Amino acid sequence: MSGGFARIGEWAEFKMVNASGTLGFTAENVLVEGRMYTDPDAIRAIVNIQKGDPLFALNPAEAKDMLEKLSWVKSAEVQRRLPDTLYIELEERQPLALWQRNKRVSLIDREGKILTEQKLKRFKDLVIVTGKAAETEAENLIKHLNAEPTIRARTEAAAFISERRWDVKLKDGKTIRLPEDDIGFALHRLAKLDEEEGILDRAILSIDLRQRDRISVQTSPNSVENYKASYTKKDGAI
């Protein structure tokens, strides 16, 4: 009996879909909003509807579920807009950083979700993060780097050390050693010092910000600058 009722239901649905087409409810337009990165071919494959097909041939709930399985799609809405339009609205995940591990590079979002490993050239300006748990901790670092544009513009990569803190690698090879806590405060001190003394343009190898009241620098072995290896300033002076 249950099988018979199922077949009757399928037959009724088939007749309804065909009837809707004869009444003029056919797909003439497919409108997609919010797509920047999602592969359009993947969307077309999921929707699988051609111009002139009955608009009711598509199940919006099923299409929504399938769209949300795409790596770029955070959420989706699918609607039939009678008489002839299929409307799709996407909320895409936003690229945050490039995550490198085991010689593989992936584009990740703020939650550490892998978005793609293909065609990464257009994301070359994003920070490359490495280290265990780097993919889930990157959001906090990137947020504080973005708050200091002069430092962010110089940043190339960052390594998460012992699952506790970050070493930031600048494009010119300098290393900035950040503390476990108060990343924002440490980077702000460095940005202010760079504004006042141009420390990021000096011939140094690394800048250590792990102590709250001290900034230590390692000078280049070949540098002839008379620059102290470390110095202390009162809180608020830097």
Side-chain angles (χ1 to χ4, degrees), residues 33-43 67-76 90-195 199-201 204-210 215 217-218:
E33 291 189 348
R35 188 202 75 81
M36 180 175 291
Y37 302 110
T38 306
D39 185 353
D41 290 335
I43 298 175
L67 286 168
E68 290 178 348
K69 288 181 171 63
L70 298 177
S71 62
W72 277 105
V73 178
K74 185 174 184 180
S75 65
L90 302 179
E91 180 187 359
E92 292 187 322
R93 297 179 180 275
Q94 296 304 305
L96 175 77
L98 295 169
W99 176 37
Q100 182 176 346
R101 79 283 184 211
N102 299 326
K103 298 182 179 180
R104 293 177 60 186
V105 179
S106 305
L107 182 69
I108 59 172
D109 73 349
R110 59 188 297 178
E111 298 173 0
K113 179 180 176 61
I114 294 177
L115 302 177
T116 184
E117 295 181 348
Q118 307 296 322
K119 300 180 181 178
L120 299 180
K121 186 175 180 180
R122 58 178 167 166
F123 304 107
K124 60 183 176 61
D125 292 331
L126 295 181
V127 177
I128 301 170
V129 296
T130 60
K132 187 176 181 181
E135 76 280 14
T136 57
E137 297 295 327
E139 181 190 8
N140 186 49
L141 172 68
I142 302 299
K143 175 183 67 177
H144 290 301
L145 282 173
N146 288 340
E148 304 297 341
T150 57
I151 299 176
R152 173 62 186 88
R154 294 172 179 259
T155 299
E156 180 176 46
F160 199 44
I161 308 298
S162 301
E163 299 182 63
R164 295 185 297 107
R165 62 168 200 84
W166 292 95
D167 275 357
V168 173
K169 193 79 169 181
L170 303 187
K171 294 175 182 177
D172 63 0
K174 293 183 180 69
T175 298
I176 301 174
R177 307 191 191 286
L178 294 176
E180 293 184 42
D181 303 310
D182 295 328
I183 293 177
F185 176 73
L187 288 171
H188 182 69
R189 291 170 66 209
L190 178 59
K192 188 172 182 181
L193 182 62
D194 183 56
E195 180 182 355
I199 188 173
L200 295 179
D201 291 320
I204 56 180
L205 297 178
S206 65
I207 305 171
D208 194 333
L209 302 172
R210 287 177 291 179
I215 295 179
V217 301
Q218 179 185 357

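Remember, predicted model here, so these are calculated numbers, not experimental data.
- Around the NZ atom of K113, the shell of radius 6.0 Å holds more than 12 heavy atoms that belong to other residues, nucleotides or ligands.
- One distance of note links CG of L96 with CD1 of I142; it measures 5.0 Å at 0.5 Å rounding.
- Here the side chains of Y37 and K119 are not in contact, with every heavy-atom distance at 4.5 Å or above.
- Nearest heavy-atom pair, S71 versus L115, reported as atom, atom and distance to 0.1 Å: OG-O, 2.8 Å.
- Rounding to the nearest 0.5 Å gives a distance of 15.5 Å between CZ of R210 and CG of D182.
- In this structure, S162 contributes its side chain and R164 its backbone to no donor-acceptor pair below 3.5 Å.
- A 6.0 Å sphere centred on CD of E68 holds more than 12 heavy atoms belonging to other residues, nucleotides or ligands.
- Counting only distance, with no hydrogens or angles, the side chain of R152 and the backbone of N146 share no donor-acceptor pair below 3.5 Å.
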For V168 and L178, run side-chain contact (heavy atoms from CB on, under 4.5 Å): C-alpha distance rounded to whole Å, both residues' side-chain angles, the deciding distance at 0.1 Å, then the answer. CA-CA 7 Å; V168 173; L178 294 176; 3.7 Å; yes

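- Scanning both residues, L67 and A76, for their nearest heavy atoms gives CB-CB, 4.0 Å.
- Put simply, the side chain of N102 never gets that close to the backbone of R104: no donor and acceptor are under 3.5 Å apart.
- Heavy-atom minimum distance, T38 versus R35: O-NH1, 2.7 Å.
- The shortest heavy-atom contact between D167 and R177 is OD2-NH1, 2.9 Å.
- Judged purely by atom type and a 3.5 angstrom limit, T136 uses its side chain to pair as donor or acceptor with the backbone of A133.
- Distance alone, capped at 3.5 Å, places no donor-acceptor pair between the K174 side chain and the I207 backbone.
- Within 6.0 Å of CZ in R110 there are 12 or fewer heavy atoms belonging to other residues, nucleotides or ligands.
- Electrostatic pairing of K169 and E156 does not count as a salt bridge here, judged by no charged N lying under 4.0 Å from a carboxylate O.
- Proximity of L209 to I215: side-chain heavy atoms (C-beta onward) are separated by under 4.5 Å at one or more points.
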Give the intermediate values and the outcome of side-chain contact (heavy atoms from CB on, under 4.5 Å) for residues Q100 and V105. CA-CA 4 Å; Q100 182 176 346; V105 179; 4.0 Å; yes

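- To the nearest 0.5 angstrom, I151 atom CD1 is 10.0 Å from H188 atom NE2.
- For A191 against T150, the heavy-atom pair with the smallest separation is CB-OG1, 4.3 Å.
- For the 3.5 Å distance criterion, the side chains of R101 and S106 qualify, holding a donor opposite an acceptor.
- Remark: of the listed residues D194, D201, D172, D201 is the sole one forming a side chain to side chain donor-acceptor pair (under 3.5 Å) with R154.
- A134 and F160 get closest at one heavy-atom pair: CB-CB, 4.0 Å.
- With rounding to the nearest 0.5 angstrom, the OG1 atom of T155 is 8.0 Å from the CG atom of L187.
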Go through it in stages, so that I can follow the logic: the residues are L200 and L190, the test is side-chain contact (heavy atoms from CB on, under 4.5 Å), and I'd like the CA-CA distance, side-chain angles, deciding distance and then a yes or no. CA-CA 9 Å; L200 295 179; L190 178 59; 4.3 Å; yes

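- Between L98 and L107 the shortest side-chain heavy-atom distance falls below 4.5 Å.
- Atom NZ of K192 sits about 11.0 Å away from atom CZ of R189, to the nearest 0.5 Å.
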W72 and L90: CA distance, side-chain angles, deciding distance, side-chain contact (heavy atoms from CB on, under 4.5 Å) verdict: CA-CA 9 Å; W72 277 105; L90 302 179; over 6 Å; no

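- Remark: side-chain polar atoms of E92 are paired, donor with acceptor, to backbone N or O of M36 under 3.5 angstrom.
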